[in-house]
Amino acid sequence: MKENKEVKISFWASHLTTIVSVTLVLILAGIISLIWIGATQETRKLKERIELSAVMADSVSDAQAQALSARLKKEKFVKDVRFVSKDQALKEWTEATGENLIELYDVNPLTPEVSFTLKADWSSPENIEIIRKRLTALPEVQSVGAPDTDMIRSMNANIANLTLVLGIVAAVMLVISFVLINNTVQLTIYSRRFTIHTMQLVGATNGFIRRPIIMSNMTGGLISGVLASLLIMVIVLLAPEAGVRTLPSEMTWPVIGIVSGALILMGMILCALAAWIASTRYLRKDYDELFR
């Protein structure tokens with residue numbers, strides 16, 4: 001009885017170590033995932049702030065400019081449209097410069113204007129130039145103002161570099177996670193190597209031996225995923241207390257829930273895969289090799 005009790009304690013101690021190790025790895029993976037999601041959405045918002053402005057010809061009325069605004073709203077490359085009438089343009093000019101153009105010209109010399117922002121997928125300099133030429137060809141459009149292409153190229157290059165760095169970090173973390181989980185699971189199965197060999201001697205098939213090992217480690221991965229998810233939620237809740245005043249608006253609870261579900265699934269899959277690899281390794285060993 002005493003010997004069985006000692007084996008039981010050793011077994012649970014090994015699984016506790018596995019759960020703690022895997023939980024810590026999953027927390028890091030979860031934090032990187034949230035950073036990735038936040039950075040991706042923020043860069044998308046940044047791209048969608050690129051604004052083009054179509055200045056109407058002198059003969060174009062507010063109604064014609066508003067019609068163009070309505071057409072632009074239906075275009076697949078447009079995110080938002082803002083129509084500025086002649087009177088509104090005059091008001092904004094006066095507020096910005098303090099000049100009263102009516103006193104200078106007796107009439108309102110300004111023309112209607114249609115400003116619009118692009119969807120993120122259309123924010124490249126090449127697409128902006130295509131859109132600009134297309135609008136400039138319209139008879140009611142006098143000119144189209146667009147941001148400097150060098151600035152846009154620089155912004156897109158910085159965003160691409162940031163995405164690449166985060167992608168590399170995520171890939172490295174995934175590799176490190178599997179290596180750590182694999183090593184931890186191997187230590188757990190190492191303590192059962194003689195039991196595995198004994199089961200082989202009495203005729204147990206490899207699948208029969210593997211099944212409980214994989215299931216127990218999947219359970220450990222499930223527990224680790226749940227613990228990691230709960231701790232990440234606590235981190236998000238305590239972030240304001242730690243000096244992080246605002247979190248990205250994309251860090252909603254549904255998003256955190258999706259990441260949590262992915263962590264639980266990741267923990268179960270990685271632990272199951274590591275258990276399969278480790279158990280296969282010991283199933284192939286001879287008795288003398290079990291002492292090495």
Side-chain angles (χ1 to χ4, degrees), residues 28-56 65-84 88-89 92 112-138 140-174 232 235-236 239 244-263 265-266:
L28 290 176
I31 291 174
I32 289 178
S33 298
L34 290 176
I35 292 174
W36 179 299
I37 292 171
T40 300
Q41 294 300 324
E42 288 299 320
T43 54
R44 189 172 187 86
K45 283 184 178 180
L46 186 61
K47 288 182 176 181
E48 290 178 346
R49 289 176 187 164
I50 296 176
E51 186 177 75
L52 280 71
S53 179
V55 179
M56 303 295 106
Q66 201 159 14
L68 175 63
S69 174
R71 293 205 309 270
L72 283 174
K73 286 180 181 179
K74 299 177 182 178
E75 293 288 349
K76 59 184 179 181
F77 54 81
V78 172
K79 174 69 175 176
D80 291 308
V81 178
R82 177 174 176 261
F83 166 70
V84 179
Q88 181 64 26
E92 292 179 2
E113 185 176 312
V114 177
S115 301
F116 59 96
T117 55
L118 300 175
K119 292 181 179 178
D121 297 336
W122 290 81
S123 62
S124 66
E126 294 76 17
N127 286 330
I128 291 175
E129 183 61 22
I130 292 172
I131 295 168
R132 192 188 67 79
K133 288 181 178 179
R134 176 179 169 183
L135 291 179
T136 305
L138 296 175
E140 60 264 43
V141 177
Q142 180 178 350
S143 63
V144 176
D148 182 63
T149 55
D150 291 336
M151 183 271 291
I152 296 174
R153 283 194 178 90
S154 177
M155 182 189 72
N156 288 338
N158 291 335
I159 291 173
N161 291 336
L162 176 62
T163 303
L164 178 62
V165 170
L166 287 174
I168 292 174
V169 171
V172 171
M173 275 301 304
L174 184 61
I232 286 176
I235 291 172
V236 172
V244 182
R245 297 182 180 180
T246 57
L247 291 172
S249 57
E250 291 75 21
M251 295 302 174
T252 58
W253 287 113
V255 171
I256 295 173
I258 292 172
V259 172
S260 299
L263 290 180
L265 186 61
M266 176 182 173

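Keep in mind it's a predicted model, so treat the numbers as computed, not measured.
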Can you tell me which residue pairs pass the ring-ring contact (aromatic ring centres under 6.0 Å, His included) test with a partner in residues 149-172, sequence neighbours excluded?
none
Among residues at least two apart in sequence or on other chains, which ones pass side-chain contact (heavy atoms from CB on, under 4.5 Å) with Thr117?
Glu51, Lys79, Asp80
Tell me every residue that passes side chain to side chain donor-acceptor pair (under 3.5 Å) with Arg134, counting only those two or more places apart in sequence or in another chain.
Glu75
Who are the salt bridge (charged side-chain N to carboxylate O under 4.0 Å, His left out) partners of Glu113, not counting sequence neighbours?
none
side-chain contact (heavy atoms from CB on, under 4.5 Å) partners for Val172, two or more places apart
Ile168, Ile176
Side-chain donor-acceptor distances from residues 119-127 under 3.5 Å, at least two apart:
| unit_1 | atom_1 | unit_2 | atom_2 | d |
| --- | --- | --- | --- | --- |
| Lys119 | NZ | Lys76 | O | 3.3 |
| Ser123 | OG | Ala120 | O | 2.8 |
| Ser124 | OG | Asn127 | N | 3.3 |
| Ser124 | OG | Asn127 | ND2 | 3.1 |

Under the side-chain contact (heavy atoms from CB on, under 4.5 Å) rule, collect the residues that match up with Leu135, sequence neighbours excluded.
Leu72, Phe116, Ile131, Leu138, Val144
Under the side chain to side chain donor-acceptor pair (under 3.5 Å) test, which residues partner Glu129, sequence neighbours left out?
Arg132
Would you say that Ile37 contacts Ile258 through its side chain, given a criterion of any heavy-atom pair below 4.5 Å between the two side chains?
no
Test side chain to side chain donor-acceptor pair (under 3.5 Å) applied to Arg82 - qualifying residues, sequence neighbours left out
Glu92
Val81 and Ser69 have their tightest heavy-atom pair at CG1-OG, 3.1 Å
Please list, chain by chain and in numerical order, all residues satisfying side-chain contact (heavy atoms from CB on, under 4.5 Å) with Leu265, sequence neighbours excluded.
Ile269
Heavy-atom closest contact (Val141 atom, Ala54 atom, distance):
CG1-CB, 4.3 Å
Interatomic spacing from CD1 in Ile31 to CD1 in Ile235 - rounded to 0.5 Å:
4.5 Å
